[in-house]
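Structure first, commentary second.
Quick note on labels: first sequence line is chain A, next is B, and so on, each numbered from 1.
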Amino acid sequence: MMNTKTPMRSNQILKRIIILLIIAVVLVVFSYGWTVTDIDLAVPQEPQRQENVGNALRELLSPNVFTQDYEVSAYTTNFRITCSDSEIIPPTTPSDSPYIVVEPTCGEGDETVTVFGYNLPANGLARMNWIGEDGERRIRQVNGENEDNFVVRDDGTFSVQIQVPRIRGTTGEIHTVELQARIPVGLPRFSNTTNLVMEKMIETIFLALIATAVSILPSAILSFMAAHNLMRPIRAQFGSLMVSFTLLPVGWLLGVLLLYPVGQFAFRLGSENVLVAFGAVVVVIAGGIVLLPRINTLKDLIPIVIVRRLLNTALITILILFIVGLIGGLGELFRASFPRGTFANVSTFIDDIFVYMGAFIGSLGEIIEFTLQVVAGLTGAFALSSLGTSLAKEPLKKTDTTFNHLLGGILGALGGAILLGMTATIGLSAAWMGLLTPIVAGALATTLLPQAYRWFVPKPEVPNQTDRNILRVLAWTSGVIGFFVTFTLLNVGQSLVEGMLPAQQPVLTINGANLYQYVAFAMGIGAVFGGFAGGLGGVRGTFPFGSAIYNTTRTILNTLRSIEPLIMGLVFVIWVGIGPFAGVLALALHSIASLGKLYSEQIESIDAGPIEALQSTGANRLQTIMYAVVPQIIPPYIAFTMYRWDINVRMSTIIGFVGGGGVGFLLQQQINLLQYRNAGVAVLAIAIVVSILDYASAAIRERYT
Amino acid sequence: MLIIENLTKVYDNGFMALDNISLEIPDGQFVAIIGLSGSGKSTLLRCINRLIDPTKGRIIWNGLDITAATDDELRQIRRRIGMIFQQFNLVKRSTVLTNVMSGRLGYINPVYSLFNYFPPKEKARAMAALERVGIPEKANNRASALSGGQQQRVGIARTLMQEPEMMLADEPVASLDPATSHSVMKYLELLNQEDKMTILCSLHFLSLARAYSHRVIALKDGKIEFDGHPKDIDNDRFKMIYGEDAVEVEIH
């Protein structure tokens with residue numbers, strides 16, 4: 001019994017010591033935090049500071065929202081300097097209209113007299129003037145206080161004491177005593193500040209709306225690439241993947257050379273003439289209706305697979321470019337068809353709407369025109385590489401062992417060289433971008449040692465933990481080695497320390513395009529790593545293509561998300577100048593990263609059952625996504641998009657602090673001018689809009705989740 | 001004829017779900033697969049249409065090697081093998097009609113799917129399938145609005161769109177009450193008798209296997225424990241399959 005009790009005891013003591021230690025550590029952490037954050041409880045109690053903050057808060061909480069128009073009316077009576085019997089000033093008779101009486105009606109300078117008023121606007125602000133025969137108006141202070149203005153009583157009467165001014169040589173003159181009363185006219189209205197704030201607030205809301213809308217499509221596409229349940233299972237044959245990778249630049253070139261003119265032609269068709277554009281649209285739609293259902297009959301028409309696939313791809317890519325170009329052209333045509341004044345005789349409002357729409361649709365058309373070359377290149381690249389993949393897959397599967405590894409080596413070397421060539425070209429842009437090449441090289445190298453191990457130790461028939469652990473250790477080792485080898489060979493360390501770009505001497509110049517030594521070096525490393533990896537794995541080996549895309553997308557999204565929109569705003573202000581456009585770009589970029597993550601998490605949490613069910617019916621990947629994934633994610637996508645708009649409105653209220661447009665710019669201006677009452681208007685407007693949107697987005701989200 | 005040769009499946013975590021299984025199933029047979037949870041029933045069914053890739057072994061169906069098929073060939077094969085699931089695996093937010101029509105995707109031009117378009121004759125085919133399982137009036141309801149038994153019938157209608165020659169049923173009645181279970185099993189029996197469909201159906205209850213199947217295959221720890229006529233399972237066999245403490249429960 002004793003033996004079992006003693007260790008229990010020591011165990012308990014140990015537990016208590018650990019708890020005490022944890023408390024001590026927490027104490028130290030928080031005391032350090034207290035010091036670092038400069039917390040000093042005496043500061044907020046200083047009277048001067050308390051008064052300052054009180055004033056600032058008072059002004060902030062008395063926002064200058066309303067203003068009022070006033071009308072000033074004057075009522076007079078006469079006063080004789082130096083009393084005399086010869087002239088009598090007639091007494092004013094009581095009446096319903098406003099009038100004033102002075103008592104006495106004559107006197108010397110510096111004497112105090114009393115002025116009475118009747119039937120005046122109640123509670124109106126008033127002041128007394130003294131007008132001599134010289135016509136000069138002198139403001140009199142009332143009741144001996146240092147105050148010009150006084151308030152009329154509730155019943156419309158007042159009595160104040162004023163001093164007769166001492167003016168030399170005015171004896172016997174008749175002076176005028178004047179009451180100026182200020183009467184509010186009409187209802188209170190919004191102040192100029194309020195109008196300005198409202199204008200900027202509308203700008204803010206639309207800034208957020210456009211930023212959110214722009215981000216929806218890119219983040220939806222990215223979300224599919226960042227969802228592990230969709231990407232993990234995608235594995236591609238190494239050889240066909242490399243074929244498609246090396247075909248990318250070729251396809252780009254072909255796209256630019258062959259497809260771009262098609263797009264340009266379609267753009268011209270769409271933009272020049274209404275009749276021609278209409279004809280082109282009709283031809284495309286009719287062609288679609290006639291040809292689409294007959295695509296499958298192509299199989300019987302052209303029996304040779306390669307020719308058929310080639311023709312198919314060519315037709316589809318030409319169609320894509322034609323449609324894109326045509327849409328762009330139609331946008332331009334729309335803008336040109338409704339210049340300002342088209343509907344002027346109908347209504348200026350409708351005319352305005354068409355001008356706005358023309359500007360919007362026209363600039364969409366313009367965007368298409370600008371990017372047509374890129375679209376053509378991308379279409380060509382993807383079409384050719386996917387064609388290459390599907391055609392290469394089966395023949396590569398049948399290669400014999402020697403040829404398998406030889407070809408794998410060659411294709412791997414080619415792919416590795418292209419990959420690291422690309423990263424090194426990016427690395428030329430900034431010193432720290434130089435890290436990209438070693439990182440990617442390291443990722444590439446992770447496959448080397450495991451594959452070498454596999455070369456000697458064949459894959460166990462039944463997967464086991466030891467084998468997996470060995471592979472994992474080998475992968476990490478070779479990855480780290482690959483990183484450091486590349487890091488050293490490319491001299492990245494030096495350029496990091498000195499903040500300098502790698503030396504840029506061209507080793508080769510073709511048609512004015514330079515191949516830099518640094519890039520050539522990186523390509524060499526890529527060729528060696530890729531060659532070994534490909535040679536060991538062979539063209540028939542599988543490559544976790546989906547995981548590679550997943551990891552890359554996740555990394556990019558996470559990096560982008562960690563950069564605050566305010567910082568992005570700073571950069572965009574430099575790029576496109578101060579104004580809401582910079583704000584839209586900053587918020588859109590951040591929204592893409594953020595929504596991409598949120599969307600992808602929704603995809604990851606969907607019910608996998610329908611996916612399995614549709615796969616089992618023989619549906620392909622695209623169909624499975626359309627019918628099993630999309631219906632499940634539409635409601636949460638709507639909810640998260642609303643939520644993001646809500647966030648963007650909140651962020652766009654401060655994006656103006658860095659020049660990104662919206663109400664924030666105004667707020668900052670007023671704060672800098674110490675106009676806290678005006679700043680208060682902006683703060684109030686932000687609070688109202690944010691809480692309304694908060695409520696609305698919560699209500700909509702509730703409906704969709 | 002479905003021939004399974006030395007089929008082994010080891011999951012990535014090292015769990016051996018199937019251990020060297022060999023079977024021959026002639027066309028038109030109604031086969032019940034029984035066994036405890038984790039005995040490999042689901043894995044076996046999923047290996048046949050390669051929702052799960054087997055670690056070792058071959059599966060040959062009517063002369064086609066399913067295990068060696070390329071992606072395109074596999075889709076061609078899967079079109080002819082229907083599958084229904086314990087959790088029905090319907091898209092709950094979509095209409096019943098869409099759920100049923102999605103069984104036809106393997107036959108439809110993928111370009112149509114981008115625009116969510118089904119040709120009218122496929123709609124008619126889907127309505128016919130719904131009529132066959134007795135719920136044509138539910139066509140435009142959301143799948144989530146249906147009861148469990150109705151959802152499973154939608155699942156059967158979805159496989160009918162494939163015009164399958166074989167049906168894999170993965171515990172199709174495990175989430176249903178006894179009365180509904182029998183109604184769903186009767187539909188499977190009907191498909192077996194009228195359409196001459198081969199049916200492989202994993203079941204929890206031996207009584208259901210006795211009532212509907214021509215042949216029972218019992219799995220235990222990834223191995224075949226029993227393969228024969230349902231009435232040959234006596235009390236000793238039963239205890240071998242389900243363990244010493246098990247008592248047979250009748251389901252009426």
Side-chain angles (χ1 to χ4, degrees), chain A residues 232-237 240 288-289 291-298 305 312 316 319 389-390 393-394 397-398 459-468 542 606-636 704, chain B residues 8 10-16 19 45-46 49-51 55-56 70-72 74-95 98-99 101-117 119 143 155 158-159 161-162 164 168 170:
Chain A
R232 279 277 161 76
I234 301 179
R235 299 178 73 86
Q237 189 198 37
S240 61
I289 291 172
L291 287 179
L292 223 54
R294 286 170 181 75
I295 275 186
N296 283 338
T297 57
L298 212 60
V305 181
N312 230 336
I316 289 173
L319 195 68
T389 315
S390 58
K393 208 165 172 181
E394 289 312 310
K397 224 176 206 173
K398 296 183 182 85
K459 193 176 178 185
E461 285 200 338
V462 173
N464 67 64
Q465 199 59 46
T466 336
D467 187 65
R468 259 203 301 277
T542 58
I606 61 170
D607 177 10
I611 298 177
E612 191 182 34
L614 288 202
Q615 275 175 346
S616 78
T617 67
N620 71 12
R621 213 186 294 276
L622 175 79
Q623 292 172 320
T624 311
I625 286 175
M626 278 301 292
Y627 285 96
V629 180
V630 171
Q632 292 195 64
I633 57 176
I634 282 178
Y704 280 104
Chain B
T8 299
V10 183
Y11 284 106
D12 283 342
N13 60 11
F15 176 70
M16 187 179 272
D19 187 0
L45 289 177
R46 280 172 170 71
N49 63 2
R50 265 182 61 195
L51 283 178
T55 312
K56 231 173 55 175
T70 63
D71 288 356
D72 285 335
L74 183 62
R75 278 201 291 276
Q76 302 280 328
I77 295 169
R78 279 177 177 170
R79 296 202 311 205
R80 292 156 53 202
I81 305 177
M83 186 161 192
I84 55 175
F85 305 84
Q86 178 182 352
Q87 298 302 334
F88 323 129
N89 288 358
L90 305 178
V91 180
K92 298 202 171 51
R93 282 182 46 86
S94 297
T95 62
T98 307
N99 268 294
M101 285 193 298
S102 65
R104 195 67 185 173
L105 287 173
Y107 292 86
I108 287 176
N109 186 347
V111 179
Y112 285 166
S113 307
L114 269 182
F115 304 101
N116 193 15
Y117 172 78
R158 178 169 62 190
T159 61
M161 294 295 282
Q162 297 169 243
L168 308 173
D170 182 21

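In this structure, chain A has heavy atoms under 4.5 Å from both the backbone and the side chain of B:Ser102. Only the backbone of B:Ile81 comes within contact range of chain A, with at least one heavy atom under 4.5 Å from a heavy atom of that chain. Of the atoms belonging to B:Phe15, not a single heavy atom falls under 4.5 Å from chain A. For B:Thr159, no part lies near chain A; criterion is any non-hydrogen pair under 4.5 Å. Contact annotation for B:Arg79: both backbone and side-chain heavy atoms come within less than 4.5 Å of a heavy atom of chain A. Neither the backbone nor the side chain of B:Leu74 has a heavy atom closer than 4.5 Å to any heavy atom of chain A. Proximity to chain A is limited to the side chain of B:Arg158, based on heavy atoms less than 4.5 angstrom apart. Interface remark: B:Met16 contributes side-chain atoms only to the contact with chain A (heavy atom separation under 4.5 Å). Contact annotation for A:Asp607: only side-chain heavy atoms (C-beta onward) come within less than 4.5 Å of a heavy atom of chain B.
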Please assess A:Ile625 against A:Val630 for the test side chain to side chain contact (heavy atoms under 4.5 Å, CB included), listing each intermediate value before the final yes or no.
-> CA-CA 6 Å; A:Ile625 286 175; A:Val630 171; 4.2 Å; yes

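Judged purely by atom type and a 3.5 angstrom limit, A:Gln237 has no side-chain atom pairing as donor or acceptor with the backbone of A:Thr542. Looking at B:Arg104, its side chain does come within 3.5 Å of a backbone N or O of B:Met161 through a donor-acceptor pair. Remark: side-chain polar atoms of B:Asn89 are not paired, donor with acceptor, to backbone N or O of A:Pro610 under 3.5 angstrom. A donor-acceptor contact shorter than 3.5 Å links the side chain of B:Gln162 to the backbone of B:Arg78.
The choice from A:Asn620, A:Thr617, A:Ile606 that makes the most heavy-atom pairs within less than 4.5 Å of chain B is A:Thr617. Taking A:Arg468, A:Glu612, A:Met626, A:Gln632 one by one and counting their heavy-atom pairs under 4.5 Å with chain B, the maximum is reached by A:Glu612. Between chain A and the residues B:Thr70, B:Asn49, B:Thr55, the largest count of heavy-atom pairs under 4.5 Å involves B:Thr70. In terms of heavy-atom pairs under 4.5 angstrom with chain A, the leader among B:Arg75, B:Arg50, B:Lys92 is B:Arg75.
Side-chain atoms of B:Asn116 and A:Tyr627 form a donor-acceptor pair, as typed in the model, at a separation below 3.5 Å.
Using a 4.5 Å heavy-atom threshold, the side chains of B:Asp72 and A:Ser390 count as separate. Taking the side chain as every heavy atom from C-beta outward, B:Arg46 and B:Leu168 never approach each other to under 4.5 Å. Considering only heavy atoms from C-beta on, B:Met83 comes within 4.5 Å of B:Asp170 through its side chain.
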